There are 2 protein chains.
Amino acid sequence: MAATIIDVANRAGCSKSTVSRFLNGSTVIAEGTRARIAQAIDEMGFRPSEIGRSLKRRLTQTVGVLVPSLTNPVFASSVAGIQAQARSAGRSIILATSDYDPDIEKEAVANLLGHNVSGLILTLCNGVSSAALDLIESAGCPFVLLFNDAVGSNGPAISVDNEGSARELTEAVISAGHRRIAFVAAHFASSDRSRLRYCGYTTALEAAALPVLPPLEVHFEGGDTSAVIAELFTQPDPPTALLCSTDILALTAMATLRDLGLTVPNDVSVAGFDGIGLGAMLSPPLATVAQPTWDMGFEAMRLLSEQLAGRMISAPAYLPHALRLGGTLAVPKRSIATSMNNNKAGRKSDEL
Amino acid sequence: MAATIIDVANRAGCSKSTVSRFLNGSTVIAEGTRARIAQAIDEMGFRPSEIGRSLKRRLTQTVGVLVPSLTNPVFASSVAGIQAQARSAGRSIILATSDYDPDIEKEAVANLLGHNVSGLILTLCNGVSSAALDLIESAGCPFVLLFNDAVGSNGPAISVDNEGSARELTEAVISAGHRRIAFVAAHFASSDRSRLRYCGYTTALEAAALPVLPPLEVHFEGGDTSAVIAELFTQPDPPTALLCSTDILALTAMATLRDLGLTVPNDVSVAGFDGIGLGAMLSPPLATVAQPTWDMGFEAMRLLSEQLAGRMISAPAYLPHALRLGGTLAVPKRSIATSMNNNKAGRKSDEL
DNA sequence: CTGTTAGCGCATTCAT
DNA sequence: ATGAATGCGCTAACAG
């Protein structure tokens, strides 16, 4: 099959040690042998076996990456960022997905660990209590959390301030004049981000002395979202604004509202979270909290590299987010009666 | 660090061979030792090293996956399908991206090969002539092409009938009454799909004796698309319909048209290719040729597994596509010249 | 049923 | 500057 280092040595008329040294540039090699080795390698199309190499060195050039799903552009984009940085660092990535399921998550991590990955980048269902994380820590494998907040004292993590930004977003919705604001969330059990964002929502509402509605938890990529939304808006006194824990959810919600004969933002304002590219291409554009997803992946990989190199730099836990207001978020039209004490009700939507 | 098979053997009071046999279930083991081994494994949290295992077996349980980009939901979705099937087959995937660059593509494949992947699933820039493919074939590594057509006689491939479906789509556009139809394409050099789809377009136009416009080649994820489109529609006698080689391109095009004061489909019809989920959520929904991207990935992985198992089944090269008409594709109403003037001022934000 | 032995492809002492 | 020998963790003959 594939040529080995011994084949190269034979053809070049030297020992495999010399070839190994050639490959790793560990010592100086005589010009003659150097040339013969180079030629032999070229002629045989030899590529050193990563696995032989890894076995010997006790470490690989691969890192494990675990994300909930690739279907969500947020994670796909972050993996792209990871990939870009990994490539420039000469590392490969083994990719696993958890499908938002803690059990699969644990199994996937165990599998990754079995591959002797030199490190891991993970977006967990729950960064605080995770069987997968226990596995990793007992194995002593370096890791960086991505989108999850840093767990306790240790371990670097790259995220955005989910709770704070959700609070800001909710405050903006309140400023626009909304008083009855609902929150559609991916199941908390499968996404701690979802929970944090809901917390930000409640904080803002409580500060404004407005009613906090219980979260409408839905399966992230399941089909129950439409039904939940439809029920919400066919009941009396529906909300004038709908916050969604992700942009994908927001898009699903908007499609459902359209089917119900409601227009966004004329009848209902909608805002999401994530800042996926396509949201900005819509008309009107989706109001959201934009995260630098690609950069976050890139930065997570960079951080992991630093860690692997023994340089424990302090992690900038939160990357900056950006509120994208306007678009699907506008002043409520039909709730003037309940917002008479709102002195900002006259703002125009594009001022947001 | 991590426990090895020898550690387990010592603790269980047997030889490492027995442990190995336990792990692989290759022979029957006495109930007593079996229990002791199981306990030892559990206590030490032992996971067999994929590396050592692979080195010995001369084959890995990993497959290499190369796609142009993860930012395009088409490929992200196909990787998700690959991943799902890989997991159920007990395989892991090493992911690489080419960024639509044949040089990176080749380098990535070389790297994948170095990891001793048992097989490869690839979406190449060009499935017909590819340095990467040469590398693979000379290494004798099994592979399945995905989105690329089968190359020559050998090698299975999973794709859709790009040319045929593009022809069908174009025919539908013609049927709707369009006579002047332009085609925006990702650079042919970076995507053979793009070229095939353009071919389908030309075939349909020629059959209808309509003018074939030269392709407007753009960088797939670059920023030149808007400029190209803007130029096209600010010249005299602009097309009434715009076909785009991908949905992403179509979305970019529509955003540009909006900025130009044109409405879709009232002023210009637009159709894409791929059937990304978000296209269907738009209002009006994006006309397109939908491919079963997730299934295609799943099927590609299944095919590779069959191949690795020695069962060379015949590959269903083309999976069924589906035309999604209507939405952004409508009957042409009037000349662009008049509509541009009429629409510049009065367009509503939710008109898309 | 189980232990012994021999590599897989490579990097790395230790010699020379 | 280069060879010979060793072993990484594991599986697969080959005994027993």
Side-chain angles (χ1 to χ4, degrees), chain A residues 1-38 40-41 44-62 90 110-111 113-118 139 141, chain B residues 1-38 40-41 44-62 90 110-111 113-118 139 141:
Chain A
M1 269 300 217
T4 79
I5 199 174
I6 293 193
D7 300 327
V8 174
N10 289 146
R11 182 183 268 254
C14 65
S15 78
K16 60 176 184 170
S17 316
T18 308
V19 179
S20 173
R21 283 189 271 260
F22 172 90
L23 293 172
N24 299 286
S26 37
T27 63
V28 186
I29 300 179
E31 189 48 46
T33 44
R34 159 173 236 90
R36 293 203 313 281
I37 292 174
I41 288 178
M44 314 182 72
F46 167 81
R47 298 269 319 175
S49 157
E50 262 322 308
I51 65 166
R53 184 172 278 190
S54 307
L55 186 57
K56 184 61 187 175
R57 288 190 176 143
R58 315 277 231 88
L59 54 79
T60 59
Q61 286 296 82
T62 69
N111 179 53
L113 253 18
H115 278 277
N116 276 41
V117 292
S118 57
C141 183
Chain B
M1 268 300 220
T4 78
I5 199 173
I6 293 193
D7 300 327
V8 174
N10 288 147
R11 182 184 269 253
C14 65
S15 79
K16 60 176 183 170
S17 316
T18 308
V19 179
S20 173
R21 283 189 272 259
F22 172 91
L23 293 172
N24 299 286
S26 34
T27 63
V28 187
I29 300 179
E31 189 47 47
T33 42
R34 157 172 238 91
R36 292 203 313 281
I37 292 175
I41 288 179
M44 314 182 71
F46 167 80
R47 299 271 319 175
S49 159
E50 266 319 311
I51 306 260
R53 185 172 277 190
S54 311
L55 186 57
K56 183 59 189 174
R57 288 191 177 144
R58 315 296 237 48
L59 54 80
T60 59
Q61 286 297 82
T62 69
N111 180 51
L113 255 17
H115 279 277
N116 277 44
V117 291
S118 57
C141 183

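Because the structure is predicted, anything quoted here is derived from the model rather than measured. Values below: all heavy atoms of this structure, side chains included; hydrogens, waters and symmetry mates excluded.
Rounded to a whole Å, the CG atom of L59(B) is 16 Å from the P atom of dC10(D). Rounded to an integer number of Å, the gap from CG of L23(B) to P of dC10(D) is 8 Å. Atom NE2 in H115(B) sits roughly 13 Å away from atom P in dC10(C) (whole-Å rounding). With rounding to whole Å, I37(A) atom CD1 is found 11 Å from dA1(D) atom C1'.
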Quiz item: Checking side-chain contact (heavy atoms from CB on, under 4.5 Å) for the pair I5(A)/L23(A): CA distance, chi angles, key distance, verdict?
Solution: CA-CA 10 Å; I5(A) 199 174; L23(A) 293 172; 4.1 Å; yes

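Side-chain atoms of I5(A) lie closest to dA11(C) of the nucleotides dC1(C), dT5(C), dA11(C). Minimum atom distance to the side chain of R21(A) is reached by dG3(D), of the listed dT11(D), dG9(D), dG3(D). Counting only heavy atoms from C-beta on, K56(B) has its side chain closest to dA12(D) among dA12(D), dC10(C), dA11(C). Checking dA11(C), dT2(D), dC10(D) against every side-chain atom of R57(A), the shortest atom distance belongs to dA11(C). In this structure, of dC1(C), dT5(C), dC10(C), it is dC10(C) that holds the atom nearest to the side chain of S49(A).
At dA11(C), one or more side-chain N or O atoms of R53(A) fall inside 4.0 Å of OP1 or OP2 (strictly under the cut-off). Note on S15(B): a side-chain N or O is less than 4.0 Å away from OP1 or OP2 of dG3(C). Note on S17(B): every side-chain N or O is 4.0 Å or more away from OP1 and OP2 of dA12(D). For dC8(C), neither phosphate oxygen OP1 nor OP2 lies less than 4.0 angstrom from any side-chain nitrogen or oxygen of S54(B). One finds a side-chain N or O of R58(B) lying less than 4.0 angstrom from the OP1 or OP2 phosphate oxygen of dG9(C).
Heavy atoms of F22(A) sit nowhere under 4.0 angstrom from any nucleic acid atom. Residue contacts for T18(A): at a heavy-atom cut-off of 4.0 Å it reaches the sugar-phosphate backbone alone, with no base atom in range. Using a 4.0 Å heavy-atom distance criterion, T4(B) is classed as a sugar-phosphate-only contact. In this structure, S20(B) reaches the bases: a heavy-atom distance under 4.0 Å links it to at least one base atom across the strands shown. Among the atoms of the strands shown, none is found under 4.0 Å from any heavy atom of S26(B). Among the atoms of the strands shown, none is found under 4.0 Å from any heavy atom of I51(B).
Taking CD1 from I51(A) and NZ from K56(A), the interatomic distance works out to 15.0 Å, rounded to the nearest 0.5 Å. Atom-to-atom distance recorded for L59(B):CG and N116(B):CG is 9.0 Å, nearest 0.5 angstrom. Rounded to the nearest 0.5 angstrom, K16(A) NZ and I6(A) CD1 are separated by 5.0 Å.
Nearest heavy-atom pair, R36(B) versus A12(B), reported as atom, atom and distance to 0.1 Å: NE-O, 2.8 Å.
In terms of position along DNA chain C, the nucleotide closest to C14(B) lies nearer the 5' end than the nucleotide closest to the other residue of the pair C14(B) and L55(B).
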